[in-house]
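Below is one structure, written out as structure tokens, with a few remarks after it.
Proteins come first, then strands; the chains are lettered A, B, ... in the order of their sequence lines, and each starts at number 1.
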Amino acid sequence: MQERYDPALVEPDARRYWDENGTFEVREDASRPKYYCLCMFPYPSGRLHMGHVRNYTIGDVLTRFHRMQGYNVLQPMGWDAFGLPAENAAMAHGVPPAKWTYDNIAYMKRQLRSLGLGIDWRREVTTCRPEYYRWNQWLFLRMLEKGIAYRRTGSVNWDPVDQTVLANEQVIDGRGWRMGALVEKREIPMYYLRITDYAQELLQALDGLEGWPERVKLMQANWIGRSEGLEIDFQVEGAEPLRIYTTRPDTLYGVSYMAVAAEHPLARRAAAANPDLQAFIAECQRSGATEAELETMEKRGMPLGIDAVHPLTGEPIPIWVANFVLMGYGTGAVMAVPAHDQRDWEFARRYGLRIHQVIEPMDGSLVDLDSGAWVEHGRLVNSGRFDGLDFDEAFDAIAKFFEAQGTGRRRVNYRLRDWAISRQRYWGCPIPLIHCPDCGDVPVPDEQLPVELPEDLVPDGSGSPLAKLDSFLACDCPRCGGPARRETDTMDTFVDSSWYFFRYASFDNGNAMVDERAEYWMPVDQYIGGIEHAILHLLYSRFWTRVMHDLGLTGVQEPFAKLLTQGMVLNEIFFRKPESGRIVYYNPADVDVELDAKGARLGAVLREDGQPVESGGMGTMSKSKNNGVDPQALVDRYGADTARLFMMFAAPPEQSLEWSDEGVEGAFRFMKRLWRLVHQHVSDPAAVPALDPASLSSAQRELRRQVHETLAKVTNDIGRRHTFNTAIAAVMELSNALARFEDRAPQGRALMQEALEIIVLALSPVVPHACHTLWRALGRTSAVVDERWPEADPAALERETLELVVQVNGKLRGRVQVPADASEALVREAALADPNVQRFMAGKPLRKFVYVPGRLANLVV
RNA sequence: GCCGGGAUGGCGGAACUGGUAGACGCACCGGACUCAAAAUCCGGCGGUGGCGACACCGUGAGGGUUCGAUUCCCUCUCCCGGCACCA
């Protein structure tokens, strides 16, 4: 073996072995338990970033660990290849999105390979290829048949200068990102998927997802947002009744106005004869479309001059148009109770509307409505015959009243909205529909699938290039054969990522979306990806899987048995803020940090000019903050193993990870120490006999216990807790102990051999290249990747004595050695005998004795 | 604004089920080796007081429960993720 650790020599060698032996190529095998380990596939943006490296290293560690535990493990990889950045790159460089995307994939695939990931590359899936997206189209048509897909209008951001629809990301402060035009909301026809039909199922099934983090399940439950309330019709003179939904029917007597969306028919009608209203409605249509903007903007409104009739009192209730009511959500109208809803209270204060208390606290205490709304449940007052009822009684009584009248009903409502999948973009999966002047919207027949996307177009930022391409547009109506026009909208890219995990199992089937191989592999046993996908991607995938289940395509209802949400990768932000002009960000690699004598930070300067820069703290690695670190440079300099080791050691996987050049150096140093440890052992010519545990000295027994305790800890930390950082820390501790262990007697050598073999096996999932070589260096002829995961020897773990902590009144005052099987009485005696303990008891009588076996004794005086 | 999460030495983090706060690594300081430097190795390293044994303080802030709280509860501050057309 080489004396010096040289990853450039070791790593290609190990990878060659895995490739030549097809180590990670797997097929279905009923004789072994299967383990489907899946990482979220990357968007081919150009180069791998640190988040990818972190994600795929976690997946690879779990893949290799489970392989060694005897599972039949599938780890596939693919490309989420449709999307907006390809169109942006196309516009910037005049290259077709397809070429840009395929070039990126080729480069990033080389990068992934250099990380030494145990991937079955035969199964690679690329979502922009027709053999993949034809099944998007095929399933969409099935959904259309079932009524799960439907068409209606929806609101989009419209750039009036570019004459194009903008993504939320492309709207900056209400203006289009390219020309700076004021963006308008516009209603256009779109296709929707009825995810709301699955709301109840998607909510209930969360309880069964035991392998999911609680916080993700909570976020999904809140997103679905089930509520129970009443749907009530308010009569409006000379118009259709105004229908609203409320979860607080108990506050009905406190309604002092109604609020409708700008697009509501009542608002439109009232505006016809009122220029001020027209201006206000036009202004509402210019305001932002995102929920965050809607909720934080100034709440404004204007009266329509129309009244609704209060259904219980018969009093007139003024109807207002308000900028915070959304037409696309619920009925586009709400009832407002300023006394018991904070937003209504603020609106009423602003416009001098009535604030009328109808609920009081159960204890009859007074409520201060001058400082804000009182939103708790309580007892009804000022509510006619409902006075004195509590929330539940009032809900019930009022529901019965409306049900008897036929003007209202109980209703379960969801915050979740149907999924709009139409995108007015080129680089996406074409929606397989044909518009015929005679037959209307006609689905493309299955035998004409896929509707292929031309790959040589270059978008110019003004609408979809498909709409300008006759060869794509022109077609025959499948129903009447007459001339027709193809749909030019493409699908949301979340469609592509909602089922790719099925396709990895049936990757080469040209005749069906999925086959029986998917039934073998699904569900995914462990899914790993960024926390930023906790809601949308994961919810859409759960929905899509249920639709496939209901169409008989799979027996699986939930796609991901276990979920690990990895944290973001952060780095320092350095900047200068000139007196005038924009903030300039400097890459941390170009900044020197000045320290005081204790190593605490004094300041930072730009190396180039020696002048100070300001620190902006830690932030996600991004282009805009210029704080990214290229993983390729890291791999080129230190090798993949050091990159993997640092990523796994620096933080537990669910937490954000702070980048540190020094930390990488530390990981590399450990690799060198490990290498040297093995080298020293194997280059000693003294024989290594078989280990005889019974004959070990007490120092040898002590070390062997540490070896097996470490093994037990690593097994638990990787397999159960997924805290790779603590597993690695334990191995570092053990290797420090081994470096101090200089026993060259035959049994000392034998113990060293056992310890080094266990270390190499235990680290092989994390640093597989180096361990491949070290295993052979230790005299083993097998490949470490094919070895079984070792088990800790219970005999080695046994202890004769224990050290217990002794507290007086909960404060640490001493330690005692006791036999491992000591009785409580013996422990009490030993604890009381400790001189320091006696000092703190100061002769006071023992009031209570708390004994936690194996841990501590607490003497309360 | 709403939903979810986080805050522990100079820094990243550890403490798994309420039981020894600071494992492991980094930075820093001291020493060995060297003509010297780098690399490597050895030692120290939360704060305050003390020659020392040791004591007191200390887990974002304030309060509570408990024999005992980084861990549980309440209030607050700041930071991060998501908010439906970025992926």
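At the heavy-atom level, L657(A) lies nowhere under 4.0 Å from the strands shown. Base engagement by N858(A) is indicated by at least one non-hydrogen atom pair under 4.0 Å involving a base atom. Counting non-hydrogen atoms under 4.0 angstrom, F840(A) reaches the backbone sugars and phosphates but no base. Within 4.0 Å of N836(A), counting heavy atoms only, lie sugar-phosphate atoms of the nucleic acid but no base atom. Heavy atoms of P42(A) sit nowhere under 4.0 angstrom from any nucleic acid atom. Here L84(A) lies in heavy-atom contact (under 4.0 Å) with sugar-phosphate atoms only. At a threshold of 4.0 angstrom between heavy atoms, the contacts of F649(A) include nucleobase atoms, whether or not backbone atoms are also involved.
Pairing of rU48(B), defined by two Watson-Crick or G-U wobble distances under 3.5 Å, is identified with rA55(B). Pairing partner, rA32(B): rU40(B), with both Watson-Crick or wobble hydrogen-bond distances short of 3.5 Å. Pairing for rC76(B) is with rG60(B), a Watson-Crick or G-U wobble pair whose two hydrogen-bonding atom distances lie under 3.5 Å. Searching all strands for a Watson-Crick or G-U wobble partner of rG1(B) with both distances below 3.5 Å returns rC83(B).
A straight line from CZ of R813(A) to P of rA53(B) spans 16 Å, rounded to a whole angstrom. The CZ-P distance, from F646(A) to rC24(B), rounds to 19 Å in whole Å.
Taking the centre and axis of the six-membered ring of W675(A), the NZ or CZ atom of R4(A) falls outside the cone set by 45° and 6.0 Å. In this structure, R676(A) fails the cation-pi test against Y5(A), since its NZ or CZ atom is not both closer than 6.0 Å to the six-membered ring centre and inside 45 degrees of the ring normal.
Ranking rG13(B), rG81(B), rC24(B) by closeness to the N725(A) side chain, first place goes to rG13(B). For Q424(A), whose side chain is taken as the heavy atoms from C-beta onward, the closest listed nucleotide among rC67(B), rA23(B), rC85(B) is rC85(B).
To the nearest whole angstrom, the two P atoms, one in rA69(B) and one in rA84(B), are 44 Å apart.
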